[in-house]
Number of protein chains: 2
Amino acid sequence: MTGTWHEQLRARGYRVTPQRQLVLEAVSRLGHATPEEICGRVQETARGVNISTVYRTLELLEELGMVTHTHLGHGAPTYHLASEADHVHLVCRGCGEITEVGPELVEGLVSRLEADLGFGTDVRHLTVFGRCRNCRP
Amino acid sequence: MTGTWHEQLRARGYRVTPQRQLVLEAVSRLGHATPEEICGRVQETARGVNISTVYRTLELLEELGMVTHTHLGHGAPTYHLASEADHVHLVCRGCGEITEVGPELVEGLVSRLEADLGFGTDVRHLTVFGRCRNCRP
DNA sequence: ATGTATGCAAAACGTTTGCAAGTTG
DNA sequence: CAACTTGCAAACGTTTTGCATACAT
């Protein structure tokens with residue numbers, strides 16, 4: 001986290017473009033958004049933006065550590081600002097509801113994987129499927 | 001678990017076909033197999049079998065609780081016999097290695113989700129992404 | 001005989017690519 | 001002005017669908 005994201009881009013030889021600003025802004029405002037949803041949002045401001053640009057930008061922003069993605073269901077992945085993504089997702093197979101829980105819930109698991117196997121968990125990518133209170137048999 | 005799977009199918013009005021037997025057998029022998037791999041295996045015995053039949057059969061077998069799937073990477077999901085699937089997957093982002101760990105490693109997480117939120121976890125679908133010992137920075 | 005299951009071909013879906021034209025620094 | 005970025009269109013891998021035919025019960 002050194003400098004603004006404009007500086008982060010330039011420092012690595014990338015350029016600041018309107019498209020990139022808009023995609024980052026859309027990820028920030030939408031949260032849990034698929035590439036298609038992000039593209040829709042961006043196009044509200046700049047009509048011509050193509051979905052392939054959105055994909056390329058998301059890949060870049062993820063590489064820079066500004067956004068992350070998770071798979072919450074069968075279809076497209078969803079994107080988050082990395083700075084707001086420090087949580088685990090619960091997905092209910094019954095009603096589809098998505099709940100975010102703090103990372104402390106998996107602290108035990110994470111430290112056991114670390115201690116027993118030397119495995120470093122990507123907590124932000126973790127999604128737990130199951131059934132919520134209301135949808136249980 | 002009442003009766004053979006032939007009986008389970010018939011009891012629900014489904015039919016026992018060679019294709020279904022072969023798909024179940026392929027899932028059993030291959031483990032961690034994608035639909036395409038399963039299809040390949042099935043075709044070693046019965047040439048004409050179509051991939052769409054494999055998809056339809058996997059969906060059916062999953063509905064019946066005989067197989068489960070997980071997403072171990074970006075591409076196609078992989079299938080397991082449900083009876084052999086009682087483990088959690090670790091996927092290393094560095095080398096791609098897949099490790100299976102016993103369900104006891106997530107016992108703490110599962111019971112906390114249960115106690116705190118009434119959430120029933122599908123342990124078999126759980127996949128943890130991260131970096132293994134050899135691929136850590 | 002009846003209705004389920006299959007093969008085929010085509011469409012749907014999400015994502016990636018090559019390339020010429022446009023923009024950024 | 002040179003390099004990076006974009007839009008477009010086409011290709012890609014995976015999954016789903018409609019429909020006529022074949023098969024299990």
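As a basis for the values below, the full set of heavy atoms in this structure was taken, side chains included, without hydrogen atoms, waters or symmetry mates.
Computed from coordinates, the I51(B) CD1 to dT17(D) P distance equals 16 Å when rounded to whole Å. As rounded to whole Å, 16 Å separates atom C1' of dG14(C) from atom CG of L72(A). Note: CD (E36(A)) to P (dT15(C)) measures 9 Å, nearest angstrom. Rounded to whole Å, atom P of dT5(D) lies 12 Å from atom CZ of R10(A). Whole-Å rounding puts the H74(A) NE2 to dG13(D) C1' distance at 17 Å. Atom pair Y55(A):OH and dG13(D):C1' shows a separation of 13 Å (rounding to whole Å applied). Rounded to an integer number of Å, the gap from CG of L60(B) to P of dT6(C) is 9 Å. Computed from coordinates, the L58(B) CG to dT6(C) P distance equals 12 Å when rounded to whole Å.
Under the salt bridge (charged side-chain N to carboxylate O under 4.0 Å, His left out) criterion, R10(A) pairs with no residue, sequence neighbours left out.
Distance from the side chain of Q19(A) is smallest for dT6(D) among the nucleotides dA2(D), dT6(D), dA9(D). Each of dG14(C), dT15(D), dT6(C) was ranked by its minimum atom distance to the side chain of T57(B); first place goes to dT6(C). The side chain of N50(A) lies closest to dG7(D) when the candidates are dG7(D), dC8(C), dA24(D). Side-chain atoms of R15(B) lie closest to dT2(C) of the nucleotides dT16(C), dT6(D), dT2(C). Across dT17(C), dT25(D), dG7(C), the shortest atom-to-atom separation from the side chain of S52(A) is found for dT17(C). Side-chain atoms of P77(B) lie closest to dT15(D) of the nucleotides dT15(D), dT6(C), dG25(C).
Residue T53(A) places no side-chain N or O under 4.0 Å from the OP1 or OP2 atom of dT6(D). The phosphate of dT16(D) has neither OP1 nor OP2 within less than 4.0 Å of any side-chain N or O from R56(B).
Counted within 6.0 Å of CZ on R136(B), heavy atoms from surrounding residues, nucleotides or ligands total more than 12; the atom is thus considered enclosed. The environment of E84(B) atom CD is dense: over 12 non-hydrogen atoms of other residues, nucleotides or ligands sit within 6.0 angstrom.
Among the heavy atoms of the strands lying under 4.0 Å from R20(B) are primed sugar atoms or P, OP1, OP2 only; no base atom is included. Counting any heavy atom pair closer than 4.0 Å across all strands shown, G75(A) reaches no nucleic acid atom. Nucleic acid contact class of T34(B) (heavy atoms, under 4.0 Å, all strands): none.
Under a hydrophobic-cluster definition in which Ile, Leu, Val, Met, Phe, Trp and Tyr are linked whenever side-chain heavy atoms come within less than 4.5 Å, directly or via other members, V110(B) and V101(B) are assigned to the same cluster.
Residue E59(B) is the one, among E59(B) and Y14(B), whose nearest nucleotide of DNA chain D lies closer to the 5' end (criterion: closest heavy atom).
Across H71(B), H69(B), H80(B), a single residue satisfies ring-ring contact (aromatic ring centres under 6.0 Å, His included) together with H89(B), and that is H80(B).
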